[in-house]
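Only one structure is covered here, and it is reproduced in the block below.
Treat the numbers as computed from the prediction; the structure is a model and nothing was measured.
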Amino acid sequence: MSSVESILEPFLLSKERLEDIKKRLLSEFEKGLAGDDATVRMLPTYVHELPDGSEKGKFLALDLGGSNFRVLLITLDGRTYSQTNLPEFAPLSDEVKATSQEKLFDHIAACLQEFVDHNGITEKLPLGFTFSFPVFQTGLTQGSLIKWTKGFKAEGAEGEDIIRLLREALQRRKGCEVDVVALVNDTTGTMMSRALEDDSCHVGLILGTGTNACYMERLDAVKKWTHPRQPGVDHVAINTEWGAFGDNGVMSDVYTEFDRYLDQNVSINKGQQLFEKTISGMYLGELVRVVCLKLHSEGLLFKSCGDIPEFKKEWKFESRYLSSIEKGTEEEGLVETKAILSTMGVEDANDVDCRTVRRVCQAVSTRAAYLAAAGVSTLVEKIEKTGSCTVAVDGSLYKKHPTFAQHMDEGLNMLLPSGHGVAMKEATDGSGRGAALVAAVAVRLATAAAAASS
């Protein structure tokens, strides 16, 4: 006979289990760096250096992520900076996400034009474009979209050069003169943003709508690197695209029946981004919903409440509910849980029901934090930085969930040597400011190269 404990047991990950997952992940990292047929792509970003504090000037940034689009102006003066943001736009609508690539990039160009006009910018400024989707880069300003994630489906973009699509949209508007100098993934931007003020930052991490990680790798370790190496250039930022870890079946024994149900029956990208579906904010609420449905079908939840039709509606249980339910004391959690269950059409939930729902939320979010910690510890050990390494982190899941950061620290302490020097630190607007910093470093290096050759 099933119990709440037996149904939640697959979400509990021991140290031994996490160590085993790390070995599998490291193997996938190595395959990706070698160019083998790996699901974890390990994409070179062509970002070879972190900020050194000498960067100065004005730089524009575009930030296209999972939920919103932003335009920023960053003024750098060494380690200090000022920032101007476009007035807040509404989140990108599902219609814009699912339209043609031309309409999507026309929207981006229109926002940029509005920002330039509003701020009276007349000079042609360098621009960095944070594009938070899997891209196969062949240069700092060249990269084709591998596939859409995070609910985007704009037709005609996959396989195309993202910078070319942006430049074409800008040309269609006319009068919006910018110098696009860098295509940046949000994880790289996050790492760059923190590195401006922290020389020990070598890893970037996103924990929001989606999840991904990047890190500074030795070029000698990137076996698939075929481009000419410039003198003095010995590192490159690697965009792991670790959300796809397990898509080839190497995590099939770790994923639960609920993970498989979500992947096959709810998500729009079946069989893809399986690691991301266990961690990221887009999916945690949906996992809680399907677990609660299982508990109800087994007579272990909402026994006195009859049918629960709202729980049968996909995406109805929002991921933000986990933060409300898990914050504070157990008694405070009961109050929040009852209020949320009321919005879900469950009016007669008793205290036992509320405590069970809270336990489900805790099991799902703690597993997510531990899996993220397994990924981070694998990267830090790979580059031999366990003695001192800052991991720059950005994303609403990490910043807003009341216990996620704490559980990540628990996971790191479990998986790294005692007394390790790995610290998770929030990046200030990593995906926005980071793009401007990549542009600034690109300008610095280009200027130095030009001076050296003259």
Side-chain angles (χ1 to χ4, degrees), residues 25 28-48 62-66 97 101-102 104-105 108 127-169 180-192 204 206 210-219 221-230 233 235-248 269 271-276 379 431 434-435 438-439 442:
L25 185 54
E28 294 299 304
F29 284 163
E30 298 291 2
K31 288 179 184 177
L33 290 173
D36 294 339
D37 184 20
T39 52
V40 182
R41 298 295 296 271
M42 304 299 278
L43 304 170
T45 65
Y46 296 84
V47 173
H48 293 291
L62 302 181
D63 176 17
L64 181 64
K97 293 179 182 179
Q101 64 82 8
E102 187 171 292
L104 173 62
F105 280 88
I108 293 170
L127 178 144
F129 183 19
T130 294
F131 187 75
S132 307
F133 304 91
V135 170
F136 178 69
Q137 279 191 255
T138 52
L140 195 56
T141 57
Q142 295 173 310
S144 56
L145 173 63
I146 296 171
K147 62 183 177 182
W148 285 118
T149 56
K150 307 175 190 175
F152 278 70
K153 296 182 288 184
E155 293 183 3
E158 291 185 352
E160 298 296 325
D161 186 332
I162 295 304
I163 295 299
R164 179 179 60 79
L165 297 182
L166 175 61
R167 286 171 172 162
E168 288 176 352
V180 184
V181 299
L183 176 63
V184 188
N185 186 272
D186 56 350
T187 53
T188 307
T190 294
M191 179 175 65
M192 296 291 280
I206 297 294
T211 183
N212 194 15
C214 75
Y215 71 108
M216 294 303 294
E217 178 63 275
R218 294 177 299 105
L219 267 178
V222 187
K223 304 302 182 185
K224 64 183 176 183
W225 185 269
T226 59
H227 294 264
R229 291 179 58 167
Q230 302 299 319
V233 174
H235 283 78
V236 65
I238 294 292
N239 167 23
T240 66
E241 290 297 341
W242 75 7
F245 175 47
D247 289 4
N248 58 353
N269 55 343
Q272 299 176 15
Q273 300 296 109
L274 297 182
F275 193 56
E276 181 170 76
L379 285 176
S431 57
V438 173

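Between the side chains of Asn239 and Asn212, at least one donor N or O sits under 3.5 Å from an acceptor N or O.
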Legend entry - Thr39/Leu274 under side chain to side chain contact (heavy atoms under 4.5 Å, CB included): CA gap, chis, key distance, verdict: CA-CA 11 Å; Thr39 52; Leu274 297 182; over 6 Å; no
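Taking 4.5 Å as the limit, every side-chain heavy atom of Cys214 sits out of range of all side-chain heavy atoms of Ile238. Looking at Leu62 and Leu166, their side chains come closer than 4.5 Å, going by heavy atoms from C-beta outward. By the 4.5 Å heavy-atom criterion applied to side chains, Arg167 and Ile163 are counted as neighbours. In this structure, the side chains of Asn269 and Trp148 stay at 4.5 Å or more apart for every pair of heavy atoms. Thr45 places none of its side-chain heavy atoms less than 4.5 Å from the side chain of Val438. Annotation: side chain of Asn185 is not in contact with side chain of Leu43 (no heavy-atom distance under 4.5 Å). By the 4.5 Å heavy-atom criterion applied to side chains, Asn248 and Glu28 are counted as neighbours.
Residue pairs satisfying the salt bridge (charged side-chain N to carboxylate O under 4.0 Å, His left out) criterion with at least one member in residues 154-165, sequence neighbours excluded, are listed as follows: Glu160-Arg164, Arg164-Glu168.
How far CG of Leu64 is from CZ of Phe129: 5.0 Å, rounded to the nearest 0.5 Å.
Thr211 is linked by a side-chain hydrogen bond (donor to acceptor under 3.5 Å, both in side chains) to Trp242, counting only residues two or more places apart in sequence or in another chain.
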